[in-house]
Amino acid sequence: DCIQFGDKRLAARMAELCYGLINGLKYLHEHLIAHRDIKPDNLAVDRDFCLKIIDFDVAIQVMDEESESSDLCGTKGWMAPEIEEKLAYKPIKTDRWSCGHFIMHLITETGVGNEALKAFAKRLKATDPQQRPPLNQWQARALPRSRLQLTDIGQPPATKRRRVLFYPRVSKPHLDSLNSSHITVS
C-alpha cells in the first residue's frame with residue numbers, strides 16, 4: 001500500500017518508516033543513484049511496514065555526489081528549493097532535501113515527535129545544499145551513544161531483520177503481486 005496519513009498504524013511505526021527511507025536512500029546514494037522524486041506517492045509499505053521506494057522513472061545515475069543537473073523533475077511541493085527556482089542542482093543533495101521534507105511532513109501528519117529525527121530532518125532541509133548532511137550521518141550522529149535505543153531510531157531487534165526493497169517502475173496496483181525480482185538490503 002502507498003503511505004496513507006489517516007492510518008493509526010502509521011503513527012505507531014513512524015520512526016521505523018523514516019529509518020527505512022533514510023536507509024533506502026543511503027543505499028541508492030552509495031551506488032550514485034538519485035531518485036529525484038521522493039514523495040508519499042513513491043513510497044509504499046508492505047504488511048510488515050517495510051518501506052519500499054518505488055517509481056524510478058526520473059532516477060539517474062550520477063558520477064559523484066557533486067554532479068549537477070538542470071532538468072526540471074520531481075513533484076511540486078516535494079522538490080528542493082533549487083529545483084523549484086530552476087537552478088542547476090546536485091541530484092543526491094536534492095534527494096536529501098526531499099527526505100527531510102517527507103520526514104517533517106510525516107511528523108506533522110502523525111503528531112508523533114522524535115526530537116532527534118526532527119533535528120536531522122531539519123538539517124536535511126537546509127537551504128544551502130552544501131549544508132545537507134549525508135544520510136549515513138543519521139545513525140552516527142543523530143543520537144548520543146548513551147541514549148541510542150532501538151525504539152529511538154526505529155530499528156527492529158537484531159533477531160528480526162528488516163529489508164528495504166526497491167522496485168523500479170512498478171505501478172501501485174501491482175505491488176502485492178511482486179515476486180523476488182527486486183534489490184534487497186538487509
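Note: hydrogens, waters and symmetry copies are ignored here, and every other heavy atom, side chains too, is used. Remember, predicted model here, so these are calculated numbers, not experimental data.
There is a side-chain donor-acceptor pair under 3.5 Å between Tyr89 and Arg36.
Remark: side-chain polar atoms of His35 are paired, donor with acceptor, to backbone N or O of Asp37 under 3.5 angstrom. Formation of a donor-acceptor pair under 3.5 Å by the Asp48 side chain with backbone atoms of Cys50 is not found in this model. Distance alone, capped at 3.5 Å, is enough to place a donor-acceptor pair between the Asp55 side chain and the Asp57 backbone. Here the side chain of Ser98 pairs no donor or acceptor atom with the backbone of Asp95 at under 3.5 angstrom.
Going from atom CE of Met14 over to atom CD of Glu109 covers 12.0 Å, rounded to the nearest 0.5 Å.
Partners of Pro129 according to the side chain to side chain contact (heavy atoms under 4.5 Å, CB included) rule, which considers only residues two or more places apart in sequence or in another chain, are Glu82, Lys93, Arg132. Applying the salt bridge (Lys or Arg N to Asp or Glu O under 4.0 Å) test to Lys90 and every residue at least two apart in sequence or in another chain returns Glu66. In this structure His29 satisfies the ring-ring contact (aromatic ring centres under 6.0 Å, His included) test with no other residue, sequence neighbours excluded. Qualifying side chain to side chain contact (heavy atoms under 4.5 Å, CB included) partners for Lys86, counting only residues two or more places apart in sequence or in other chains: Leu72.
Residues Leu117 and Ile103 have side chains in contact (heavy-atom distance under 4.5 Å, counting atoms from C-beta outward).
Other residues sharing the hydrophobic cluster of Ile60, ordered by chain and number and joined by side-chain separations under 4.5 Å: Leu32, Val62, Ile92. Cluster note: Val58 groups with no other residue, as no ILVMFWY side-chain heavy atom lies under 4.5 Å from it.
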